[in-house]
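Have a look at the structure below before the remarks.
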2 protein chains.
Amino acid sequence: MNGTGTAAEDRVFAALANATRREVLRLLRERGPQAVQALADHFDMRRPSLSEHLRVLREAGLVSEERSGRQRIYRLEAAPLADVQDWLHPYERFWRDRLKGLGDLLDRMPDDDQP
Amino acid sequence: MNGTGTAAEDRVFAALANATRREVLRLLRERGPQAVQALADHFDMRRPSLSEHLRVLREAGLVSEERSGRQRIYRLEAAPLADVQDWLHPYERFWRDRLKGLGDLLDRMPDDDQP
DNA sequence: TTGACGCGTAGGAAAACGCCTACCTATTAT
DNA sequence: ATAATAGGTAGGCGTTTTCCTACGCGTCAA
């Protein structure tokens, strides 16, 4: 029904599974929206390769582009990261409980929420 | 120095970038530790293929195995997921602020925390 | 209008992925 | 001892990733 399916999650996690792309996200987060050249300065990589990384991020919905003259300004879009955090929620008690030293208990008492 | 480097993050995100592996994690979370055969019943896939998925999850630290007779009991290990949540934290304000409708503001006021 | 600049796309090569069919080891049952 | 069960490994095959160089298109400057 909606666009938040398995393929979308695949694309987001796959996009995050690369240090260059995570670094792009960090730069957009710390320095705000910027053009491709400014981003490219931080990487030991040809610009077309970075363009492909940007396309992966775009198709995952993690960045958006806005044309400004002959530049393309890329901007962080954090919505898919919110989805990741939502995905993490059911696992949260696993590391919180385990840190309290009662992890083995819940291993034998699985939860009952099934999508 | 420590084992939480870029390669480790790559491995965790890459492990999560596959619907079969995410489903394995969900099964281990909802039903507790279990053997390979029990997991395999949920997938339209030959068992050796699932074994490879389990290896990917193991190398990402997301599951552990415990030998019990001729069975291998797999258990969810949520620590890498806690790392993912930590990684998400600096982005959190982006979707929270944006939902409040003042996202454009912080786009021009980037933060200043740099690792 | 001509040239330089900013970026994307095309196509290719090497590696990694995800599936398969054998096949192997270890353990339990007969 | 033999057979059956549980599950990992080896190797093959088609697809995808990730880098590259070459090139095309739109925009701004001279």
Side-chain angles (χ1 to χ4, degrees), chain A residues 5-25 27-28 31-77, chain B residues 5-25 27-28 31-77:
Chain A
T6 292
E9 266 183 339
D10 276 17
R11 255 176 271 128
V12 173
F13 281 121
L16 297 178
N18 177 283
T20 297
R21 290 192 291 261
R22 287 196 305 277
E23 178 70 3
V24 167
L25 295 181
L27 289 167
L28 294 179
R31 314 195 180 202
Q34 50 194 296
V36 177
Q37 197 60 263
L39 292 168
D41 292 342
H42 296 272
F43 301 99
D44 182 22
M45 177 185 298
R46 304 295 173 184
R47 201 191 27 73
S49 302
L50 182 63
S51 267
E52 288 164 23
H53 284 302
L54 290 172
R55 181 163 53 80
V56 173
L57 289 169
R58 231 185 302 121
E59 290 176 351
L62 286 161
V63 302
S64 61
E65 74 164 34
E66 174 199 352
R67 263 152 251 237
S68 169
R70 54 185 159 183
Q71 301 193 124
R72 252 96 152 178
I73 307 301
Y74 277 84
R75 177 188 305 257
L76 176 65
E77 295 293 338
Chain B
T6 292
E9 267 184 340
D10 276 17
R11 255 176 271 128
V12 172
F13 280 120
L16 297 178
N18 179 281
T20 297
R21 290 192 291 261
R22 286 197 305 275
E23 178 70 4
V24 168
L25 295 181
L27 288 167
L28 294 179
R31 316 196 179 202
Q34 52 194 297
V36 176
Q37 196 62 263
L39 292 169
D41 292 342
H42 296 272
F43 301 99
D44 181 23
M45 177 186 296
R46 305 295 173 180
R47 201 188 31 69
S49 301
L50 183 63
S51 268
E52 288 164 25
H53 284 303
L54 290 172
R55 183 163 50 80
V56 172
L57 289 169
R58 232 184 302 120
E59 290 176 352
L62 285 161
V63 302
S64 61
E65 75 164 35
E66 174 199 352
R67 262 151 253 238
S68 168
R70 54 184 160 184
Q71 303 193 122
R72 251 98 150 176
I73 308 301
Y74 277 84
R75 176 187 305 256
L76 175 65
E77 296 293 338

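Quick note on labels: first sequence line is chain A, next is B, and so on, each numbered from 1.
- Atom pair A/Ile73:CD1 and C/dG8:P shows a separation of 11 Å (rounding to whole Å applied).
- Ion pairing between A/Arg58 and A/Glu65 holds under the 4.0 Å rule for side-chain N and carboxylate O.
- Among the protein residues, B/Ala14 comes within range of no part of the nucleic acid, since none of its heavy atoms lies under 4.0 Å from any strand.
- The base of C/dC5 does not come close enough to the side chain of A/Gln71 for any donor and acceptor atom to sit less than 3.5 Å apart.
- The residue among B/Pro48 and A/Arg72 whose nearest nucleotide of DNA chain C is located toward the 5' end is A/Arg72.
- Sorted by residue number, the members of residues 60-67 of chain B with any non-hydrogen atom under 4.0 Å from DNA chain D read B/Glu65.
- Put simply, A/His53 has a side-chain N or O that comes within less than 4.0 Å of OP1 or OP2 on D/dC19.
- Nearest heavy-atom pair across B/Ala38 and B/His42 is O-CD2, 3.2 Å.
- Nucleotide C/dC17 holds its C1' atom 14 Å from the CG atom of B/Leu57, rounded to whole Å.
- Rounded to an integer number of Å, the gap from CG of A/Leu54 to P of C/dG6 is 16 Å.
- Separating the CG atom of B/Leu50 from the P atom of D/dG7 is a distance of 10 Å, rounded to the nearest angstrom.
- Heavy-atom minimum distance, A/Phe13 versus B/Leu16: CD1-O, 3.5 Å.
- The CD-C1' distance, from A/Glu52 to C/dG12, rounds to 12 Å in whole Å.
- Summarising the geometry, atom CZ belonging to B/Arg67 is positioned 11.5 Å from atom CD1 belonging to B/Ile73; distances are rounded to the nearest 0.5 Å.
- When rounded to the nearest whole Å, the span between CG of A/Asp10 and P of D/dT16 equals 13 Å.
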Please test A/Leu39 against A/Leu54 for side-chain contact (heavy atoms from CB on, under 4.5 Å), starting from the C-alpha separation and ending with a verdict.
CA-CA 10 Å; A/Leu39 292 168; A/Leu54 290 172; 4.2 Å; yes
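- A/Glu77 and A/Val63 make their closest contact through CG-C, 3.8 Å (heavy atoms, listed as atom of the first residue, atom of the second, distance).
- Atom C1' of nucleotide C/dG6 and atom OH of A/Tyr74 are separated by 11 Å, given to the nearest angstrom.
- Using a 4.0 Å cutoff on non-hydrogen atoms, the parts of residues 36-46 of chain A near DNA chain C are A/Val36, A/Gln37, ordered by number.
- Summarising the geometry of B/Leu57 relative to B/Ala15, their closest heavy-atom pair is CD2-CB, 4.3 Å, with the distance given to 0.1 Å.
- Look at A/Asn18 and you won't find any side-chain N or O under 4.0 angstrom from OP1 or OP2 of D/dT17.
- Going from atom CZ of B/Arg70 over to atom P of D/dA6 covers 6 Å, rounded to whole Å.
- Of all heavy-atom pairs between B/Thr20 and B/Leu50, the closest is CG2-CD1, 4.4 Å.
- Remark on DNA chain C: of its neighbouring residues A/Arg58 and B/Ser68, the 5'-side contact belongs to A/Arg58, judged by nearest-heavy-atom nucleotide.
- Each of C/dC7, D/dT18, C/dC19 was ranked by its minimum atom distance to the side chain of B/Ser49; first place goes to C/dC19.
- Residues B/Gln37 and B/Arg47 share a closest heavy-atom pair of NE2-CD, 4.4 Å.
- Looking at B/Arg47, its side chain comes within 3.5 Å of the base of D/dG7 through a donor and an acceptor atom.
- For the pair A/Arg75 and A/Glu66, the salt-bridge criterion is met [side-chain N within less than 4.0 Å of a carboxylate O].
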